[in-house]
Each structure stands twice: as C-alpha cells, then as structure tokens.
Amino acid sequence: MATNGMLKPGMANTTGANGANGIAQPHARRPTRSALAQALNGEHAPSGAPTRLSSLRSERSTPAPPDDAPPSVKATSAARQQLRRKQRMFPSIDYKPRVSYFDPRSDYSDFRGFFILFWVGLAIMVITAMLRNLKDTGNLLSFKQWPLFTQNLWELAAVDVLMCASTALALPLHLLYKNGRGMLRWEKLGMVLQSVFQACWLTFWIRWPFMRDWSWTAQVFFTLHTLAFFMKMHSYAFYNGHLSSTLNRLTDLDRPIGPATPMNEAVRYPKIGYFNLPPMSTSSEVHSDEDNTHEQLSPLMQLREDLATELTSPLSNITYPDNLTVTNFADYLLCPTLCYELEYPRTPTRSYLELFWKVLAVFGCVFLMMVTSEEFILPVLDSSQRRLAAQRADPTSHWVDGALIFAETVSSLLFPFMITFLLVFLVIFEYVLGAFAEITRFADRQFYSDWWNSLDWLEFSREWNIPVHNFFRRHVYSASRQVKMGRGLATALTFFISALAHELVMGCITRKFRGYGFILMMMQIPFVAIQRLPWVRKQALLNNVLFWVFMIMGLSLLCALYVLV
C-alpha cells in the first residue's frame with residue numbers, strides 16, 4: 001500500500017522486483033526546504049502560488065511580514081508557521097501493556113503521598129475539633145486529661161532515673177561471675193543469682209507506681225520503660241554470661257588436656273542480624289585454600305578458633321572482656337535495641353537537624369493523641385457509662401439493651417482507635433527510636449517492617465516491633481529450644497510471656513486486671529494455626545482484610561471491656 005508520496009503513472013499493474021503482485025510502490029518525495037530555511041535565505045513563494053490549508057490557517061493567525069522586513073522578523077514568522085503545521089488535531093496516544101499502580105504485579109512502591117494525606121487528614125480533624133470547641137465553649141481546645149500528664153511529673157523523672165541507673169548493677173554482678181571460681185561461675189550458680197536479682201528488681205519497680213498511687217499516664221510510661229530496661233538488663237547479663245563461659249573454656253584449653261576437659265563444639269549465641277558484612281573474598285581459589293586449611297586444623301585448634309571467634313565482635317573491633325566498662329554499658333542503654341552485642345554498626349555522623357525534627361514529631365504525635373482521646377474516645381466512654389448505669393437501674397430493661405449499648409460503643413471507637421494505634425506506632429518506632437538512633441549514631445534503623453501487609457498474627461508480631469521480636473527470638477524462643485523444648489511449645493511460651501506483659505500494661509491504664517487482653521492475645525495461637533493451613537494461606541487478600549478487621553476491632557473491644565465491664 002502507498003502511504004507516503006505520489007504514485008507514478010502506469011505503475012499499478014507493473015511487476016518486478018519492486019512491484020511484485022501488482023502492488024504499486026511509492027516513490028520518494030522531492031526534498032523540500034523548510035519555511036524557516038527559505039526565510040533565512042530570503043526566498044519567498046511566488047505571489048500566485050497555491051498554498052495548503054494548513055498554510056492558510058497559519059497565515060490567518062500569523063500575517064506574513066512585508067518584503068522589506070528584517071531577516072529576524074521573517075525568521076520568527078516562518079518558525080511560527082512551521083510549528084503550527086506540525087500540530088495535530090488528534091494527538092496520538094501511546095498504548096502498551098501496563099498495570100495500575102495498585103495492581104499486585106506492579107513494581108511501584110512510592111506511596112509517600114498517602115503518608116502526607118494521613119497528616120493532612122489529621123490536620124483537618126484537629127481544625128474541625130477546634131472550631132467546634134470554639135463554638136460550644138469559647139476555647140479552641142479543652143484538655144481534661146492534661147492534669148494527669150503533669151501529676152507526679154518530678155517524682156516520675158527522679159524515680160525513672162533511679163530505675164535506669166539500678167540496671168548498672170548487672171555490670172559488677174557479671175564481673176563477680178566472670179572472676180569467680182567454682183560455684184560462682186556463670187554456668188553454675190551465676191545464672192541463678194542473676195535470675196533472682198532480676199525477679200526482685202522487676203517486682204520492686206513494677207509495684208512502685210501502685211504503692212505511690214500515680215496517675216495512669218505516669219504509671220503506663222514508667223511500666224513500659226521498666227519492661228524495656230528489664231529486657232536490656234537480661235540480654236546484657238545472659239549474653240555476657242555466655243561469653244564468660246566461652247572464655248573459661250578457651251583458657252582451660254591452655255592447660256594440659258585431660259579427660260575432664262570439655263571438647264564439645266563451641267556454643268553459638270543466636271545472632272540478631274545487625275551485621276550484613278560482605279565476604280572477605282569472592283575468589284574461588286581463596287575459598288578453596290581456606291577450606292583446605294580448615295580441614296588441616298586439628299580438632300583442638302579448630303575448637304580454639306571457634307571459641308575465639310565467638311568472643312570477638314563481627315566488626316572485629318572489640319573482644320570480650322574488653323567490653324565490660326561503664327561507658328560500654330551506658331552506650332548500650334541509650335542504643336535503640338533490646339539485644340546486647342559487643343558493638344553495633346554506626347553512622348559516620350549524626351544529624352542534629354534530623355534529631356530536632358524527630359523530637360518535634362514526638363510532641364506533635366502526643367498532641368494529636370490527646371486531641372483524639374478528648375474529642376472522640378472519652379465522650380463516647382462517658383456517655384456509654386451513664387447509659388449502662390441507667391439501664392442497670394431500670395428494672396424493666398432487658399440485657400439486650402445493655403448489649404446494644406456496648407456494641408454501639410465498640411462501633412463508635414473503631415475509627416478513633418485506628419488513628420491512635422497508627423500514632424502510637426509512629427511515635428515509638430519512627431520518632432522515639434529514630435531520635436535515639438540519631439543520638440547514638442546507631443546505623444540499623446529498621447525498627448519495623450511492612451506489618452500492614454501481614455497475613456497472620458505471627459507475621460505481625462515479627463514485623464510490627466522488630467526490637468522486641470529480636471529479644472523474644474533470642475532470649476525466649478531460642479533459649480527454650482536449647483533445652484529441647486518443641487517448636488510449638490516454645491512459640492506458646494513466647495506468646496504467654498508477651499501476653500502477660502500486655503495485660504500488665506492494660507491493668508496500669510485501667511487499674512483493672514480482668515485478663516481480657518491476655519485471653520485475646522493467647523487466642524492468636526489457634527488463629528495462626530488455622531491461617532497457616534495451605535488452602536487458607538493462599539487467600540492473601542482475605543487474610544490481610546481479616547488481619548485489619550480483627551486488629552481495629554480488637555483495640556476498640558479491649559477498651560470497652562476494661563472500662564465498661
């Protein structure tokens with residue numbers, strides 16, 4: 001088919017190399033010079049020459065310059081005409097096989113605009129609440145809970161400093177275990193003494209706010225801080241206790257080897273994954289030489305090498321017991337981690353501007369949580385309490401009326417608790433831990449993963465709070481597995497301890513220990529077993545929808561249960 005140019009006369013029925021099957025072939029167009037080039041060279045079309053429709057349209061909008069116009073004016077006019085000729089009434093559209101941004105097969109991952117939309121939505125919520133309060137009370141905002149934040153403030157600060165400082169007792173205790181002989185070694189009596197000390201320490205500091213009758217805000221903060229420092233102290237003591245046993249084994253090999261000398265393999269403590277070090281060499285020849293050298297080592301030399309490697313940090317800058325200093329312990333307390341290591345990867349510098357924004361974001365999130373609580377949570381709970389009290393006092397009312405009031409309360413709290421949950425997540429894992437990471441130049445800042453895509457509760461527990469997950473994996477789950485406990489039982493024990501901690505926090509908030517949070521958290525175990533079935537696991541979308549439904553409904557349900565029941 002001829003698509004460009006004019007056909008030669010008489011070519012329609014010709015045959016040959018270029019005209020086979022009677023298909024006419026177009027000939028090349030005569031080269032034309034652009035209007036811009038003609039204008040620059042002073043060439044003009046004859047006055048009587050025919051013009052195209054596009055030229056006529058162009059001339060109507062751009063009059064031709066007079067013959068005595070300067071070359072620059074002629075060039076500008078010709079350029080306008082040439083550009084207008086190129087314009088098309090119906091521009092072409094580039095169609096190709098593509099997927100949408102939200103399609104599961106899409107590689108697009110930059111949804112920062114939705115993060116900004118979240119903050120814009122919260123700003124709209126705050127402005128709306130301020131206007132409503134200004135109309136009703138004459139004040140922009142009214143914080144009825146504010147006195148609870150200022151109550152016991154100075155006592156809280158002093159006691160919190162004492163609690164944090166008391167964890168330093170783990171250092172002299174460990175020096176006692178390390179230098180002790182006989183029954184005072186860590187693997188004999190040291191572990192028992194440390195466990196008793198930790199139990200007494202935790203009991204004393206958990207009971208202190210109850211004895212002093214602190215407000216729930218101060219008590220919740222102090223309890224969470226106490227639990228975090230308890231985990232830090234436990235990890236410090238037990239990891240260094242393992243290293244002291246390893247050092248004792250290494251020094252025992254310097255003495256004459258006898259029948260009583262333990263020759264079993266070196267115990268590897270569970271690693272956390274802070275270090276992603278590259279291999280020393282990628283050459284296959286070097287690897288083969290290392291393998292040959294490894295095979296030539298005697299069992300005694302190999303055991304010495306394994307024990308010495310266990311005593312050295314992955315970055316090879318610190319070796320136990322050089323880490324047993326006050327400076328090292330204080331640095332560990334400030335690092336945003338619950339698992340002790342000989343050293344951590346660090347950033348080259350710290351950004352004080354980034355630190356300022358994170359601290360500012362902490363106060364901003366706390367302010368938004370207070371507004372959400374004052375405007376959307378406390379009024380609902382107060383109204384429901386009055387309605388339930390009236391319903392119970394009415395002899396003609398039925399229990400169904402109370403159930404409906406309770407269900408309405410849970411429904412009204414769904415959205416506020418979803419906002420509160422997201423703000424708590426941001427203030428802890430993005431801003432507070434991020435600020436301490438900036439202070440200590442802590443390089444591994446993956447404090448959470450994409451928990452919002454979780455398909456079951458076990459996956460959520462791994463990705464929502466990575467520092468706590470690492471602690472439980474190392475010091476609860478792995479420790480249970482080392483004493484020959486089954487995988488299912490070790491998992492149940494991990495959930496059990498976590499559920500006790502969550503119940504303690506809920507009890508501090510409401511001053512009620514009802515066990516609702518403990519029961520709901522332990523119910524996650526059978527739910528996980530069901531969701532891990534092959535035919536259920538394949539339903540990824542359904543599992544994620546159920547995760548979000550149970551998450552938001554569970555938070556609202558817990559609040560209603562502890563406050564109203």
Side-chain angles (χ1 to χ4, degrees), residues 154 156-179 186 190 193-194 197-198 200-202 204-205 208 221-244 247 269 271-272 274-275 311-352 354-356 358-359 362 428-429 431-445 447 466-468 470-471 474-475:
W154 295 110
L156 168 64
V159 174
D160 191 65
V161 170
L162 288 176
M163 182 272 296
C164 297
S166 64
T167 59
L169 293 174
L171 177 57
L173 284 175
H174 177 72
L175 293 174
L176 175 65
Y177 312 143
K178 183 183 78 70
N179 300 323
W186 172 259
L193 292 176
Q194 182 67 33
F197 165 70
Q198 290 181 176
C200 296
W201 183 93
L202 182 63
F204 175 79
W205 290 117
W208 182 268
F221 170 81
F222 186 76
T223 300
L224 290 175
H225 212 199
T226 300
L227 292 176
F229 272 70
F230 173 78
M231 289 186 279
K232 277 180 170 286
M233 181 173 60
H234 177 88
S235 182
Y236 180 86
F238 276 74
Y239 184 41
N240 280 297
H242 159 75
L243 294 179
S244 69
L247 180 62
Y269 214 68
K271 298 300 179 183
I272 297 305
Y274 290 132
F275 308 96
L311 294 172
T312 306
S313 68
L315 295 178
S316 69
N317 294 322
I318 297 180
T319 300
Y320 179 88
D322 297 338
N323 62 304
L324 299 179
T325 62
V326 176
T327 302
N328 179 274
F329 184 80
D331 175 76
Y332 165 61
L333 292 185
L334 291 176
C335 285
T337 179
L338 300 176
C339 292
Y340 180 76
E341 290 284 349
L342 292 175
E343 63 175 329
Y344 301 100
R346 308 284 180 157
T347 58
T349 59
R350 64 174 59 91
S351 173
Y352 291 98
E354 186 72 16
L355 179 61
F356 168 77
K358 289 188 180 296
V359 172
V362 170
I428 295 177
F429 300 108
Y431 301 128
V432 171
L433 296 183
F436 278 95
E438 202 65 50
I439 293 173
T440 59
R441 297 189 295 111
F442 192 82
D444 190 350
R445 305 187 181 188
F447 305 118
I466 289 182
V468 170
N470 288 336
F471 176 86
R474 171 188 269 192
H475 296 288

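The analysis underlying the following values was restricted to heavy atoms, covering all of them including side chains, and did not include hydrogens, waters or symmetry mates.
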If you apply the rule side chain to side chain contact (heavy atoms under 4.5 Å, CB included), what do you find for Trp205 with Leu162, and how did you get there? CA-CA 10 Å; Trp205 290 117; Leu162 288 176; 4.1 Å; yes

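- Side-chain atoms of Leu173 and Leu193, non-hydrogen and from C-beta on, never get closer than 4.5 Å to each other.
- Taken to the nearest 0.5 Å, the CZ atom of Arg346 stands 11.0 Å off from the CG atom of Asn317.
- From Arg441, atom CZ reaches atom SG of Cys335 across 10.0 Å, with rounding to the nearest 0.5 Å.
- Partners of Thr347 under the side chain to side chain donor-acceptor pair (under 3.5 Å) rule, at least two apart in sequence or in another chain, do not exist in this structure.
- Distance alone, capped at 3.5 Å, is enough to place a donor-acceptor pair between the Asn240 side chain and the Tyr236 backbone.
- Put simply, CD1 on Ile318 and CG on Leu311 are 13.0 Å apart, with the number rounded to the nearest 0.5 Å.
- Within the 4.5 Å cutoff, no side-chain heavy atoms of Phe329 are placed close to those of His174.
- With sequence neighbours excluded, the residues that form a side chain to side chain contact (heavy atoms under 4.5 Å, CB included) with Leu433 are Pro336, Phe429, Phe447, Pro467.
- Of the possible polar contacts, none joining the Glu343 side chain to the Ser313 backbone as a donor-acceptor pair under 3.5 Å is found.
- Thr440 is not listed as a side-chain neighbour of Arg350, based on a closest heavy-atom distance of 4.5 Å or more.
- Nearest heavy atoms, Lys178 versus Pro321: CD-CB, 3.9 Å.
- Taken from SG in Cys164 to CG in Leu334, the straight-line distance is 9.5 Å, to the nearest 0.5 Å.
- Put simply, CZ on Phe442 and OG1 on Thr337 are 5.0 Å apart, with the number rounded to the nearest 0.5 Å.
- Taking 4.5 Å as the limit, every side-chain heavy atom of Glu438 sits out of range of all side-chain heavy atoms of Tyr352.
- Residues Thr167 and Lys232 form no side-chain contact, since every pair of their non-hydrogen atoms from C-beta on lies 4.5 Å or further apart.
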Give the C-alpha distance, both sets of side-chain angles, the deciding distance and a yes or no for side chain to side chain contact (heavy atoms under 4.5 Å, CB included) between Leu227 and Leu202. CA-CA 8 Å; Leu227 292 176; Leu202 182 63; 4.2 Å; yes

Checking Leu342 against Leu243 for the side chain to side chain contact (heavy atoms under 4.5 Å, CB included) test, could you report, in this order, the C-alpha distance in whole Å, the side-chain angles of both residues, the deciding distance, and whether it holds? CA-CA 10 Å; Leu342 292 175; Leu243 294 179; 3.7 Å; yes

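- Relative ring orientation between Tyr344 and Tyr340 is described as perpendicular, the plane-to-plane angle rising above 60° on a 0-90° scale split at 30° and 60°.
- At a cut-off of 3.5 Å, with distance as the only test, a side-chain donor of His475 or Ser235 sits close to an acceptor on the other residue.
- Leu355 places a side-chain heavy atom less than 4.5 Å from the side chain of Val359.
- You'll find the side chain of Arg474 reaches within 4.5 Å of the side chain of Tyr239, heavy atoms only.
- Tyr177 is linked by a side chain to side chain donor-acceptor pair (under 3.5 Å) to Gln194, counting only residues two or more places apart in sequence or in another chain.
- Asn323 and Tyr332 are not linked by any side-chain donor-acceptor pair at a separation below 3.5 angstrom, with hydrogens and angles left out of the test.
- At most 12 non-hydrogen atoms from other residues, nucleotides or ligands lie less than 6.0 angstrom from CZ of Phe436.
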Begin from the C-alpha positions of Met163 and Phe222 and carry the test side chain to side chain contact (heavy atoms under 4.5 Å, CB included) through to its verdict. CA-CA 9 Å; Met163 182 272 296; Phe222 186 76; 4.1 Å; yes

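- Between Val468 and Met231 the shortest heavy-atom distance is CG2-CE, 4.5 Å.
- You'll find the side chain of Met233 reaches within 4.5 Å of the side chain of Phe197, heavy atoms only.
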